[in-house]
Amino acid sequence: MSNSTEQPFVLAVPDDDLALLRKKLDLVRFPDELDDAAWSYGVPLADMKRLVSHWVNGYDWRKSEAEINKLPMFTRDIDVHGFGTLNIHYVHQKSEVKNAIPLLFSHGWPGDFLEARKMLPLLTEKSPDHPSFHVVALSLPGFGFSEAPKKPGFAGRQYAEVFNKLMLSLGYNEYVYQGGDWGYILGLHAVTHYGHKHIKAWHTNVPSVGPPKLLSNPLVWLSSWLSSSNNSSQAKHGNARNWRTKGMGYFMEQATQPQTIGYSLTDSPVGLLAWIYEKLVTWTDGYPWTDDEVLEWISIYWFSRSCPAAAGRIYYELTGQNTHDTKAGTKWMSVPLGVSYFPGEIIPTIKAWSSMIGNIVFESEHDKGGHFAAFEQPEKLAGDLWKMYGKGGPAHGVVFGKNGYD
């Protein structure tokens with residue numbers, strides 16, 4: 001592990017970068033649009049014109065930057081076997097509770113470390129009614145303000161190594177984990193390699209798992225077969241098929257030729273906006289996005305340390321250029337696992353299938369919320385973590401000497 005010390009991080013985008021962004025926005029050339037296309041062909045032209053106009057004439061990046069800088073942000077060098085040293089950016093929001101539980105939060109694509117922002121005051125607050133956490137929310141390598149790998153092959157095991165070495169460097173020999181989207185997939189890899197010894201329990205809000213097989217999971221297969229005709233199961237199967245049929249274009253491109261789309265995403269702020277805004281709208285459960293929220297989200301990618309293209313390579317590396325499943329190299333672990341189900345999730349999971357992921361000790365179903373649960377429904381997601389790790393909860397006291405209470 002690197003012996004480098006933690007360095008405070010202050011976000012300060014150079015004026016020249018802002019001027020270049022403004023110049024590119026001023027030179028935008030929009031495509032045409034078919035009559036009454038709405039969202040059928042992608043992001044509507046009217047939405048794009050409104051957002052670009054606001055980006056030029058209304059959105060204040062310096063205001064967003066000042067708000068982001070209120071977070072306790074740091075960087076630290078992490079040595080990754082075979083890949084040298086990566087400088088990793090993270091938020092480290094500590095609780096005043098002496099026995100707070102160390103929790104690592106991981107985002108996915110097209111997310112970033114700010115997905116955790118709304119949950120930070122909830123998870124770190126002191127209360128006799130629920131546990132408190134020391135929260136570490138990192139920028140994944142190649143995302144946000146973390147350094148990107150320079151060599152091919154940086155996949156699940158390497159992300160897991162970054163996670164664990166970061167937490168150990170902060171003095172957290174034992175900790176718990178929360179993640180959605182890629183944060184869920186990388187959680188599987190992290191638990192496979194560091195479960196029990198370091199990761200004492202984990203939680204996900206995106207429990208994606210394929211259908212059971214008769215020979216490997218006979219009881220789950222039978223339960224699935226018996227319930228296949230109920231309305232809930234049919235709806236979830238239908239939503240999953242719809243996403244695989246109509247919503248996976250971005251995945252295939254980034255899993256096979258990420259460099260090709262990377263030129264557009266890195267050179268055109270409008271192209272980047274459309275590429276990500278589509279997901280912000282279609283992957284959430286009717287979340288009332290403000291234009292400022294959208295543009296701050298896009299700006300984290302535009303002003304990222306490497307380039308917007310770097311983040312998309314995770315699809316290529318975790319699938320071996322779309323030749324294997326993202327979970328390849330992971331295994332079922334008995335580490336306690338909590339799952340939250342949100343109705344707007346793009347790949348809804350049949351509840352009975354979740355036992356194939358890991359040792360389910362906690363489950364919670366919600367009536368509102370989508371793919372970005374920490375951002376859309378922070379109170380509900382935080383509440384699930386309180387129940388899972390709180391007094392009387394199934395994972396209470398899993399971290400030695402850190403039960404979340406004074």
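Because the structure is a prediction, the values reported are computed rather than measured.
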Parallel, tilted or perpendicular: which one describes the rings of H198 and Y175, with boundaries at 30° and 60°?
parallel
Determine the interplanar angle of the H193 and H189 rings, folded into 0 to 90°, and report it as parallel if under 30°, tilted if 30 to 60°, perpendicular if over 60°.
parallel
Within the structure provided, determine whether Y41 and L34 are in side-chain contact (heavy-atom separation under 4.5 Å).
yes
Give a yes or no on whether the backbone of F74 and the side-chain of E6 come within a donor-acceptor separation of less than 3.5 Å.
no
Does W202 have its ring centroid less than 6.0 Å away from the ring centroid of Y194?
no
Using 0.5 Å steps for rounding, measure from the CG atom of L273 to the CE atom of M48.
4.0 Å
How far apart are the closest heavy atoms of V270 and F30, and which atoms are they?
CG1-CE2, 4.3 Å
Atom NZ of residue position K24 - does it have more than 12 heavy atoms of other residues, nucleotides or ligands inside 6.0 Å?
yes
Take F375 and E293, measure what side chain to side chain contact (heavy atoms under 4.5 Å, CB included) needs, and give me the verdict at the end.
CA-CA 11 Å; F375 189 87; E293 284 178 324; 3.8 Å; yes
Would you confirm whether the ring centroid of Y277 sits within less than 6.0 angstrom of the ring centroid of W55?
no
Quick one: do D406 and K126 satisfy salt bridge (Lys or Arg N to Asp or Glu O under 4.0 Å)? Show the steps, please.
CA-CA 9 Å; D406 276 336; K126 180 178 181 178; 2.9 Å; yes
Heavy atoms from other residues, nucleotides or ligands near NZ of K246 exceed 12 (cutoff 6.0 Å):
no
Counting only heavy atoms from other residues, nucleotides and ligands, does the tally under 6.0 Å from CE of M248 exceed 12?
yes
Does E67 reach the main-chain N or O of S64 with its side chain, forming a donor-acceptor pair under 3.5 Å?
no
Taking the six-membered ring for Trp and the single ring otherwise, decide whether the centroids of Y389 and F133 are under 6.0 Å apart.
yes
Interatomic spacing from CZ in R313 to OG in S306 - rounded to 0.5 Å
7.5 Å
R157, CZ: over 12 other non-hydrogen atoms inside 6.0 angstrom:
no
Taking atom CG of D292 and atom CG of D60, what is their separation to the nearest 0.5 Å?
8.5 Å
Tell me whether Q321 contacts the main-chain N or O of Y316 through its side chain, where contact means a donor paired with an acceptor under 3.5 Å.
no
How far apart are the C-alpha atoms of E65 and W61, what are their side-chain angles, what is the distance that settles it, and do they pass the side-chain hydrogen bond (donor to acceptor under 3.5 Å, both in side chains) test?
CA-CA 6 Å; E65 189 178 67; W61 164 253; 3.1 Å; yes
Apply side chain to side chain contact (heavy atoms under 4.5 Å, CB included) to Q7 and N87, showing your working.
CA-CA 10 Å; Q7 298 294 325; N87 189 249; over 6 Å; no
Which atoms form the tightest heavy-atom contact between L45 and E33, and what is the distance?
N-OE2, 2.9 Å
Applying side chain to side chain contact (heavy atoms under 4.5 Å, CB included) to T75 and F145, what does each step give before you reach the verdict?
CA-CA 9 Å; T75 60; F145 308 110; over 6 Å; no
What orientation do Y59 and H54 show, parallel under 30°, tilted 30 to 60°, or perpendicular over 60°?
tilted
Whether Y315 and W109 hold their rings parallel, tilted or perpendicular, with breakpoints at 30° and 60°:
perpendicular
Check for a donor-acceptor pair, side chain of N69 on one end and backbone N or O of V10 on the other, with a separation under 3.5 Å.
no
Could you check whether R50 pairs with D291 (Lys NZ or Arg NE/NH1/NH2 to Asp/Glu carboxylate O, under 4.0 Å)?
yes
Could you tell me whether the side chains of Q178 and N205 share a donor-acceptor contact shorter than 3.5 Å?
yes
Side-chain heavy atoms of K402 within contact of Y172, under 4.5 Å
no
Does the side chain of L51 come within less than 4.5 Å of I298's, by heavy atoms?
no
Check: T284 main-chain N/O paired with E376 side-chain donor or acceptor under 3.5 Å
no
For the OH atom of Y301 and the CG atom of D112, what is their distance to the nearest 0.5 Å?
6.0 Å
Smallest heavy-atom separation, S106 atom then L186 atom, equals OG-CD1, 4.5 Å
Is the shortest heavy-atom distance from the side chain of L138 to the side chain of L104 under 4.5 Å?
yes
With sequence neighbours excluded, what pairs up with K23 under the salt bridge (Lys or Arg N to Asp or Glu O under 4.0 Å) test?
none
Separation of L21 CG from D16 CG (nearest 0.5 Å):
12.5 Å
Do H92 and P72 have side-chain heavy atoms sitting under 4.5 Å apart?
no
Salt bridge flag under 4.0 Å for residues D384 and K380
no
Minimum heavy-atom separation for M73 and F113, please, with both atom names.
SD-CE1, 3.9 Å
Can you see which heavy atom on H203 is nearest to which on L381, and at what distance?
CE1-CD1, 3.6 Å
Any non-hydrogen side-chain atom of S354 less than 4.5 Å from a side-chain atom of T349?
yes
Under a 3.5 Å distance rule, please check whether N403 uses its side chain to pair with a backbone N or O of G397 as donor and acceptor.
no
Is the shortest heavy-atom distance from the side chain of E365 to the side chain of K351 under 4.5 Å?
yes
Any donor-acceptor pair under 3.5 Å linking the side-chain atoms of Y250 with those of E278?
no
Measuring only between side-chain heavy atoms, which start at C-beta, is V28 closer than 4.5 Å to V56?
no
Salt bridge or not for D15 and R22, using N-O below 4.0 Å?
no
Keeping the roles fixed (side chain from T124, backbone from S95), state whether a donor-acceptor pair exists under 3.5 Å.
no
Without swapping roles, check the side chain of Y184 against the backbone of S208 for a donor-acceptor pair under 3.5 Å.
yes
Take R117 and E296 through the test salt bridge (Lys or Arg N to Asp or Glu O under 4.0 Å) and record every step on the way to the result.
CA-CA 13 Å; R117 178 164 57 180; E296 179 181 76; 2.6 Å; yes
Any donor-acceptor pair under 3.5 Å linking the side chain of S299 with the backbone of L295?
yes
Would you please indicate yes or no on a ring centroid separation below 6.0 angstrom for F143 and W182?
no
Roughly how far, to the nearest 0.5 Å, is CD of Q377 from NE2 of H366?
8.5 Å
No-hydrogen, no-angle side-chain donor-acceptor test under 3.5 Å, H130 and W386:
yes
Which heavy atom in P152 sits nearest to a heavy atom in F83, and how many Å separate them?
O-CE2, 3.4 Å
Can you check side chain to side chain contact (heavy atoms under 4.5 Å, CB included) on V335 and N359, steps first, answer last?
CA-CA 6 Å; V335 176; N359 178 24; over 6 Å; no
Using the rule given for side-chain hydrogen bond (donor to acceptor under 3.5 Å, both in side chains), can you reason through W275 versus Q254, listing the C-alpha separation, both sets of side-chain angles and the distance that settles it, and then say yes or no?
CA-CA 12 Å; W275 190 245; Q254 295 187 145; 3.1 Å; yes
Checking the side chain of N164 only, and the main-chain atoms of A160 only, is there a donor and an acceptor separated by less than 3.5 Å?
no
